[in-house]
Amino acid sequence: MASSNTAQVTVDPDHFYRTSGALDSVWVKTMPYSKFPTFPKLQNDLETEVLIVGSGISGVSIAYELVRQGAKVTMIEARDILSGETGRTSGHLSSDLDDGYIEIGKKHGKEGAKIAAESHDWALKRVGEISKELGIECEYRMLKGYDISQFVKGTKEHDDDMKEIVQDMEAAREAGLDAHYVQDFAIKGWDGNIDQRDAAVFEQQATFHPTKYVCGVLEWLKKQDNFQAYTRTRAVSIKEKGITVPLVNVHLGAKDTIIETEEGHTIHAAHVVEATCVPLQRLSIIAEMEYDRTYCIAIRIPKGVVEDCLIYDSAEEYKYIRMTECDEKDDYMVVGGCDHAVGQEDAWDERYKELEEWTRKRFTQAGAVDFRWSGQIFEPVDYMGYIGRNSGAQRVYVVTGDSGNGLTHGTIAGKVISDMILGHPNPWEKLYDPRRRKTSIAKSLPSMLEHDIQVNMQYKRFLQTDITDLEDLGLEKGGVLNSKTSKPIAAYKDADGKVHRLSAICPHMKGVVCWNDSEKSWDCPVHGSRFSKDGKQICGPANVNMHPADHNELSTGFMK
């Protein structure tokens, strides 16, 4: 069944100011962009105590925790408010972490696994506390999560798979979570012929409407005297005065940071937080993550037919499910999965088709697919996100590496970074420290080397071309034209037949971008930077827009 948001792809030139893809997520049905809080564009230089770059759940959570404790906070956003990945998630709030507590324990020890469980459990409950405190109606509710096998019951694959699921559940229990195994457990509403019974049941999980929640917190912040925010204000340079001596972790010189915006304004801040999904920098943490696209559909299901719960299967590119409101007759079942590396596949329609077929075979009362969209996931090599001081810095903080748990991860960042800035001790700080290279990251060197090889292979794009002639492009289509005698050109033909040309070389690490026809974006296969069809930067680590087609790449640097 055709979905309403894919029958005609948005061509509004301002759409990418509102979100990072041409396709809208299900959350816009009950929380359209027109209801988002608005803020002005920065028109002058300023000084502040804390500058937060980014307005997703990480930035807003940090701002909330700081503002309520009296800190003076300024937030800037390169596009419109909440235009990044928070509005494109599936809305799971889970302490049942994607990578599993056995693997987390291998990298961080049992104590690290306990802290991971404790912090994510705190985060999913903190969302409930804040929504209640501020009176935000965001569909927040606690419910059960089910981990199931990807294989059919009665097969050896199912039995072996369930053994691994139970072992990981036991590791989660040892880490402090409330979980148990139920043999022959059947999820209410799973009435298809495919039998995947048995489940590890995780209590005290949660879900909510992510944009209703974040917008609600922003509306509260907007009323506070010690908070201000500016949109369409892009940071292109973040510099910390003085120097940090890494061996002794001592900062010498002035205690100040200077932020330059795209339009030439300067912001002085005592502390800066990069809450931008991925930091705007060359490598360092960038090289310690993988960058994936993940896909979602919102499919109608009659009210009351399927249990209100979270479901995860065991596949490598696993499926995940939650319920949300639709109308008086139906609910939406949000089904996600089918992940792949950014810019390295082009089977977008097949991904959505797989999610729909998978759902219909298991839930036979499923109706129309009204929404489908994709989002971005940042996978750290040692399974734990990065929250804390950036490498070589004392007053610049980063939040990245959500590993599919970005909503709880961003909420944790609110606590950890606010404590660090205000000088409060925090027992979770060490686990999430971005500078933990001598410990858990060192244990990940083999996988890092494998990842580096795979990333370097993406430079083969310099020898490839997507199209041989601009006439090959259909309307609202894009492709890279790579001549042997000139540099690659990213060409996009709009709905009127006009061709727009940009340099196809990503301004971050000079990879050649790929056209994403589903989201109408240019995606870099090297480190996951993404740009709108007209070249606006919508996801880092690139910190500037794509360059004009006649730009001299050799003359550009990363940070101004």
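Side chains are part of it too, since the values below use all heavy atoms of this structure and drop only hydrogens, waters and symmetry mates.
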Interatomic spacing from [atom1] in [X] to [atom2] in [Y] - rounded to 0.5 Å:
X: I194; Y: W358; atom1: CD1; atom2: CH2; value: 8.5 Å
X: L221; Y: M75; atom1: CG; atom2: CE; value: 6.5 Å
X: M162; Y: S149; atom1: CE; atom2: OG; value: 6.5 Å
X: K144; Y: Y146; atom1: NZ; atom2: OH; value: 5.0 Å
X: L310; Y: L143; atom1: CG; atom2: CG; value: 5.0 Å
X: N405; Y: D99; atom1: CG; atom2: CG; value: 8.0 Å

Discussion item. Would you call the rings of F378 and Y291 parallel, tilted or perpendicular, taking 30° and 60° as the class edges?
Written reply: perpendicular

Check: [X]/[Y] side-chain N/O donor and acceptor closer than 3.5 Å:
X: Q537; Y: R79; answer: no
X: D517; Y: W515; answer: yes
X: T207; Y: Y140; answer: no
X: H209; Y: T30; answer: yes
X: Y397; Y: N390; answer: no

Counting N and O atoms only, with roles assigned by atom type, does the side chain of [X] sit under 3.5 Å from a partner on the main chain of [Y], one being a donor and the other an acceptor?
X: D195; Y: R197; result: yes
X: E77; Y: S55; result: yes
X: T400; Y: P279; result: no

Discussion item. Out of the candidates R322, H120, Q205, only one should pair with S94 under the side-chain hydrogen bond (donor to acceptor under 3.5 Å, both in side chains) rule; please name it.
Written reply: Q205

Discussion item. Walk me through whether R530 and Q376 qualify under side chain to side chain contact (heavy atoms under 4.5 Å, CB included).
Written reply: CA-CA 10 Å; R530 297 184 62 242; Q376 193 128 318; 3.0 Å; yes

Discussion item. Go through it in stages, so that I can follow the logic: the residues are R126 and E65, the test is salt bridge (charged side-chain N to carboxylate O under 4.0 Å, His left out), and I'd like the CA-CA distance, side-chain angles, deciding distance and then a yes or no.
Written reply: CA-CA 11 Å; R126 182 61 172 158; E65 302 291 354; 3.1 Å; yes

For atom [atom1] of [X], is the number of surrounding heavy atoms from other residues, nucleotides or ligands below 6.0 Å larger than 12?
X: R173; atom1: CZ; answer: no
X: E357; atom1: CD; answer: yes
X: E137; atom1: CD; answer: no
X: D184; atom1: CG; answer: yes
X: K212; atom1: NZ; answer: yes
X: K153; atom1: NZ; answer: yes

What I want to find out is whether [X] reaches [Y] closely enough, with some N-O distance under 4.0 Å, to be called a salt bridge.
X: K156; Y: D160; answer: yes
X: E429; Y: K415; answer: no
X: E129; Y: K132; answer: no
X: R300; Y: D327; answer: yes
X: E519; Y: R88; answer: yes
X: D382; Y: K107; answer: no
X: E325; Y: K303; answer: no

Worksheet entry | Ring center gap for Y295 and H340 short of 6.0 angstrom | yes

Worksheet item: Would a line drawn from the ring center of F371 to the ring center of W27 be shorter than 6.0 Å?
Response: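 Distance test on ring centres: not under 6.0 Å, no.
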
Fill in: Derivation of the side chain to side chain contact (heavy atoms under 4.5 Å, CB included) call for V513 and D523
CA-CA 5 Å; V513 298; D523 300 355; over 6 Å; no

Minimum-distance pair of heavy atoms, taken over all atoms of [X] and [Y]:
X: F36; Y: C215; result: CD1-SG, 3.6 Å
X: I165; Y: S314; result: CD1-CB, 4.1 Å
X: S521; Y: I538; result: CB-CD1, 4.4 Å
X: A22; Y: S518; result: CB-O, 4.3 Å
X: P210; Y: L407; result: CB-CD2, 4.5 Å
X: S403; Y: D98; result: O-OD2, 3.1 Å

Practice prompt. Evaluate the criterion side chain to side chain contact (heavy atoms under 4.5 Å, CB included) for residue pair M384 and I104; output intermediate values, then yes/no.
Written response: CA-CA 8 Å; M384 283 292 99; I104 291 171; 3.8 Å; yes

Practice prompt. Could you tell me which residues satisfy ring-ring contact (aromatic ring centres under 6.0 Å, His included) with Y181, sequence neighbours excluded, listed by chain and number?
Written response: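 In terms of ring-ring contact (aromatic ring centres under 6.0 Å, His included), with neighbours along the sequence ignored, Y181 is linked to no residue.
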
Could you check if a side-chain atom of [X] sits within less than 4.5 angstrom of a side-chain atom of [Y], using non-hydrogen atoms only?
X: V26; Y: V334; value: yes
X: I321; Y: M333; value: yes
X: K319; Y: L355; value: yes

Practice prompt. Begin from the C-alpha positions of R18 and S83 and carry the test side-chain hydrogen bond (donor to acceptor under 3.5 Å, both in side chains) through to its verdict.
Written response: CA-CA 5 Å; R18 297 188 285 267; S83 55; over 6 Å; no

Discussion item. Working note: D433 + Y386, criterion side-chain hydrogen bond (donor to acceptor under 3.5 Å, both in side chains); need CA distance, chi angles, decisive distance, verdict.
Written reply: CA-CA 6 Å; D433 187 355; Y386 304 106; over 6 Å; no

Item to complete: Before giving the answer on side chain to side chain contact (heavy atoms under 4.5 Å, CB included), spell out for T411 and I130 the whole-Å C-alpha distance, their side-chain angles and the decisive distance to 0.1 Å.
Response: CA-CA 11 Å; T411 308; I130 293 173; 5.6 Å; no

Item to complete: Verify ring-ring contact (aromatic ring centres under 6.0 Å, His included) between Y320 and Y312, making sure each step is shown before the conclusion.
Response: CA-CA 5 Å; Y320 46 90; Y312 309 90; 7.2 Å; no

Item to complete: Take D349 and K353, measure what salt bridge (charged side-chain N to carboxylate O under 4.0 Å, His left out) needs, and give me the verdict at the end.
Response: CA-CA 6 Å; D349 288 340; K353 183 178 179 182; over 6 Å; no

Discussion item. Could you go through E85 and S20, starting from their C-alpha distance and side-chain angles, then the distance that decides it, and tell me whether this counts as side-chain hydrogen bond (donor to acceptor under 3.5 Å, both in side chains)?
Written reply: CA-CA 7 Å; E85 296 307 306; S20 61; 2.8 Å; yes

Worksheet, complete the sentence: Sequence neighbours excluded, the answer for salt bridge (charged side-chain N to carboxylate O under 4.0 Å, His left out) partners of D161 is none

